[in-house]
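The structure appears right after this line, and notes come after that.
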Amino acid sequence: MQNTKIEYYYNQPAANRAIARNERRGYRVVSVQSVDRGWSLIKTGCLGLIFLPLALLGKKKPVIQVTYQRNR
């Protein structure tokens, strides 16, 4: 039986620390990918009211999704 878990991290150093910690616990990394979080509605709307091209700054930073798996 396999145990799979997915965790999200907001920056690369945090992801690296968590990967090392989970590997010590017996998990192996199945995949690592950057997940786009879309747009912040409030920030985009406010910037759009001031100056339309500034609305492009309303994009949220992506998060890092790591999928782990451990055999039991």
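Please read all numbers here as calculations on a predicted model, not as lab measurements. This chain uses plain numbering: 1 for the first residue, then up along the sequence.
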* If you measure from OG on Ser31 to CD on Gln65, what distance do you get to the nearest 0.5 Å? -> 6.0 Å
* Structure fact -> Cluster membership besides Tyr8, Ile/Leu/Val/Met/Phe/Trp/Tyr side chains within less than 4.5 angstrom, sorted by chain and number, is Ile6, Tyr10, Val35, Val63
* Asked: Is it true that Lys5 and Glu7 have a side-chain N and a carboxylate O under 4.0 angstrom from each other?
  -> yes
* **side-chain hydrogen bond (donor to acceptor under 3.5 Å, both in side chains) evaluation trace for Asn3 with Tyr27** => CA-CA 9 Å; Asn3 184 16; Tyr27 284 92; 3.1 Å; yes
* To do: Apply the test side-chain contact (heavy atoms from CB on, under 4.5 Å) to residues Ile64 and Gln33: give CA-CA distance (whole Å), side-chain angles for both, the deciding distance (0.1 Å), then the verdict.
  => CA-CA 6 Å; Ile64 301 164; Gln33 57 188 352; over 6 Å; no
* Any donor-acceptor N/O pair, Arg17 side chain to Gln12 backbone, under 3.5 Å -> no
* **side-chain contact (heavy atoms from CB on, under 4.5 Å) partners of Gln69, counting only residues at least two apart** => Gln2, Thr4, Arg28, Val30
* **Over all atoms of both residues, closest heavy-atom pair of Tyr9 and Ala18** => OH-CB, 3.1 Å
